[in-house]
Number of protein chains: 2
Amino acid sequence: MRVSIKDIAKVAGVSHSTVSRALSGSPLVNAETKSRIQSLAREMGYSPDAQARSLVMGRTLTLGVVVTRLTDPFIAEIVQAIEDTAHEYGYSVVLASSSAESEREIAAVEMLHSKRVDGVIVTSSRVGALYQQYLDRLGVPVVLINSHREEQGPYTFSITVDNRHGGYLATRHLLDLGHDCVAYVTGPANHSDDLERMKGYCQALTEVGIEFQPELVVPGTGRVEGGEIAFSRLMDLKHPPTGVFCYNDMTAIGLLRAARVSGLSIPEELSIVGFDDIPFASYVNPPLTTIAQPISQMGWQAVKMVLALIGESSEETRWVSNVIVQGRLIVRGSSGARGDKKILSGGISS
Amino acid sequence: MRVSIKDIAKVAGVSHSTVSRALSGSPLVNAETKSRIQSLAREMGYSPDAQARSLVMGRTLTLGVVVTRLTDPFIAEIVQAIEDTAHEYGYSVVLASSSAESEREIAAVEMLHSKRVDGVIVTSSRVGALYQQYLDRLGVPVVLINSHREEQGPYTFSITVDNRHGGYLATRHLLDLGHDCVAYVTGPANHSDDLERMKGYCQALTEVGIEFQPELVVPGTGRVEGGEIAFSRLMDLKHPPTGVFCYNDMTAIGLLRAARVSGLSIPEELSIVGFDDIPFASYVNPPLTTIAQPISQMGWQAVKMVLALIGESSEETRWVSNVIVQGRLIVRGSSGARGDKKILSGGISS
DNA sequence: TTGTAGGCGTTATCAC
DNA sequence: GTGATAACGCCTACAA
């Protein structure tokens, strides 16, 4: 049924090693027989068995990618960038999603281990000590994107956005617009990104001499619904904020939506800033002011790092180190000066 | 370095076949030695080599997934559903994105072939005769999701949304609202989904006795920018439409955005209907009326079909056949009765 | 330039 | 119960 080099060898009247050599373009084989074998292979519909090959070669030309959920546009964009870059270097991608459940996350790593991937990229995960052990056991390079880890691993490097700085930029932007009561809506509980962003929030407050108020920090989930709930919590306060910095864009969109439902106009009555700059950030109404992460660059760079660690890329392994990238503030329509009461249902604000 | 069953055998003082049996839980091995070997394997950090295993077993427990681009939220959601379902059945997923370039698409299939995946799922592609040949050569079941194919393949089945019916529903909705001048913004050129949706559009027009007008069909790209361009084209017409059915939600969002920029209010002055019901459809302002595809069900079903064809699932192979799923109309705020002039910057419309 | 033989890590089929 | 032994499909010394 399936044609192997032996089958070709039989038809060509040579040994399977000659076929192997001919197909790998080895110079130590008669030019004529070589081309004869090659066209024969094509005719017979030969396809090399990658498994058998990697079994002897010791590498699979495959990268494992572990994500929480692909429906997060931020993650989808990273994976796309990873796949593109991997393809460019002749690598393919095995995908595993974990739904942020540590059990599935470990199962994913175990699976990738069995598949003998040459490297692993993990996105947006919280890497606990237990998890780190599994990563170490892999014995292949691991690059963490925007993932917090509790322990250092020998083979593990990371690419992270500077969350503290991003949180600072966002909050400072609101403060500079004249808002003196600025809230923060958190992400999923105990996420280190979240804590860092909040640190930046605090830093900005301190810098302008505004006291931190615990009630102005309300929990979100990192999803739209979380933002909606946070909105009503904030509006129920004795002194509702006039500016809100949100853990991410999804949360901010939740606030936007809840505000619209409740008839509150943005940014006239409430300024909102998100984080991530997902593709949709500019399509919502009003377009979202946010902190942009260089998303596809991070995916691209993760692959380059893994390949460098494998020794595949021309880059030297010793050049590899943890990377912190800076986000940048993108000002759009969801934030405005305090007390800046524009005409309702205003015109162009893009 | 890496520990194999032979290494375990050496330490345990048994043969490698006994180790193999013990680890696969075979009953024909002494209960005591079995557990001894099992704990030994754990201590030594043994991980079975999936490649070696599938080499002899003849199956890889791996599914190949070919997509155009993951940044399309519709596709991301499908892939998520595929991964979830595959995982549930003990299968893993190799991902390949093609950017809709037929060259990369074929390269992807070639790669999946070499990797000896047990089945392939292709999403949102146009499967030409050439491509179909490659799929056939795979010798494994292929399920096409929302993909048009020119030729039948022996192993190839498909899951498609009823595009004609969806287009009909959308257009009929607009007509029922009193719009008598309804436009259609197309998707990427020569896409069969697009043609089918337009057929539904035409059918609805015919049904209510409105003549089809070619100038009311303007080209889009399936992306936001395409919708924006289409908007100005439509508004430049002598008789601009009061209702627009768009190839997909991204296009509709482009129109929404362009309308906002130009100060046109939705749905008072223009009703817009999309297609897909991507997650963001309900978050834009106004929320988008659209045709919902049962996205994750399609992903889920694709995996079930592949597994049934492999003979993995309990379902019988002969039960498998092409599936056409029906979309359904989701009425939200972007469409309204003609001449229904609500107060600008209106209240709740969700 | 080509063929032979061994091995990659498994599972499976035999004997013992 | 357990241990040789032969596959699976490929690559690569080593020999010829």
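Atoms considered below: every heavy atom in the structure, side chains included; atoms not considered: hydrogens, waters and symmetry mates. We name chains A, B, ... by the order of the sequence lines, and we start the count at 1 in each one.
- Here side chain to side chain donor-acceptor pair (under 3.5 Å) pairs that include residues 61-74 of chain A, with residues two or more places apart or in two chains, are A:T62-B:K115.
- Residue pairs meeting the side chain to side chain donor-acceptor pair (under 3.5 Å) criterion with at least one member in residues 21-40 of chain A, sequence neighbours excluded, do not occur.
- A donor-acceptor pair under 3.5 Å links the side-chain atoms of B:D7 to the main chain of B:S4, judged by distance alone.
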What verdict does the side-chain contact (heavy atoms from CB on, under 4.5 Å) test give for A:E88 and A:W300, after you've listed the backbone C-alpha separation in whole Å, the side-chain angles of each residue and the deciding distance to 0.1 Å? CA-CA 11 Å; A:E88 202 176 310; A:W300 166 80; 5.7 Å; no
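- Here the shortest heavy-atom pairing between A:G153 and A:Q132 reads CA-NE2, 3.3 Å.
- When heavy atoms are screened at a 4.0 angstrom cut-off, B:T33 is found touching the sugar-phosphate backbone but no base atom.
- A donor-acceptor pair shorter than 3.5 Å cannot be found between the side chains of B:T60 and A:Q51.
- Mapping heavy-atom proximity under 4.0 Å, the span of DNA chain D touched by chain A runs 5' to 3' from D:dG9 to D:dA13.
- With hydrogens and angles disregarded, a donor-acceptor distance shorter than 3.5 Å links the side chain of A:S147 to the backbone of A:S124.
- In this structure, the side-chain contact (heavy atoms from CB on, under 4.5 Å) partners of A:S158, at least two apart in sequence or on a different chain, are A:L144, A:R149, A:T160, A:N322.
- A straight line from CZ of B:R21 to C1' of C:dT13 spans 10 Å, rounded to a whole angstrom.
- Here the side chain of A:Q80 pairs a donor or acceptor atom with the backbone of B:L70 at under 3.5 angstrom.
- As judged by a 4.0 angstrom heavy-atom cut-off over every strand, B:S54 is placed among residues making no nucleic acid contact.
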Walk me through it: do B:L23 and B:Y46 pass the test side-chain contact (heavy atoms from CB on, under 4.5 Å)? CA-CA 10 Å; B:L23 293 177; B:Y46 170 75; 3.6 Å; yes
Between protein and nucleic acid, restricted to nucleotides 8-10 of chain C and to nitrogen or oxygen atoms under 3.5 Å apart, what atom pairs and distances do you find?
| from | atom 1 | to | atom 2 | distance (Å) |
| --- | --- | --- | --- | --- |
| C:dG9 | N2 | B:A52 | O | 3.3 |
| C:dT10 | OP1 | B:Y46 | OH | 2.8 |
| C:dT10 | OP1 | B:D49 | N | 3.3 |
| C:dT10 | OP2 | B:I5 | N | 3.0 |
| C:dT10 | O5' | B:Y46 | OH | 3.2 |

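- The end-to-end axis angle of the helix from C:dT1-D:dA16 to C:dC16-D:dG1, rounded to 10 degrees and based on five pairs per end, is 50°.
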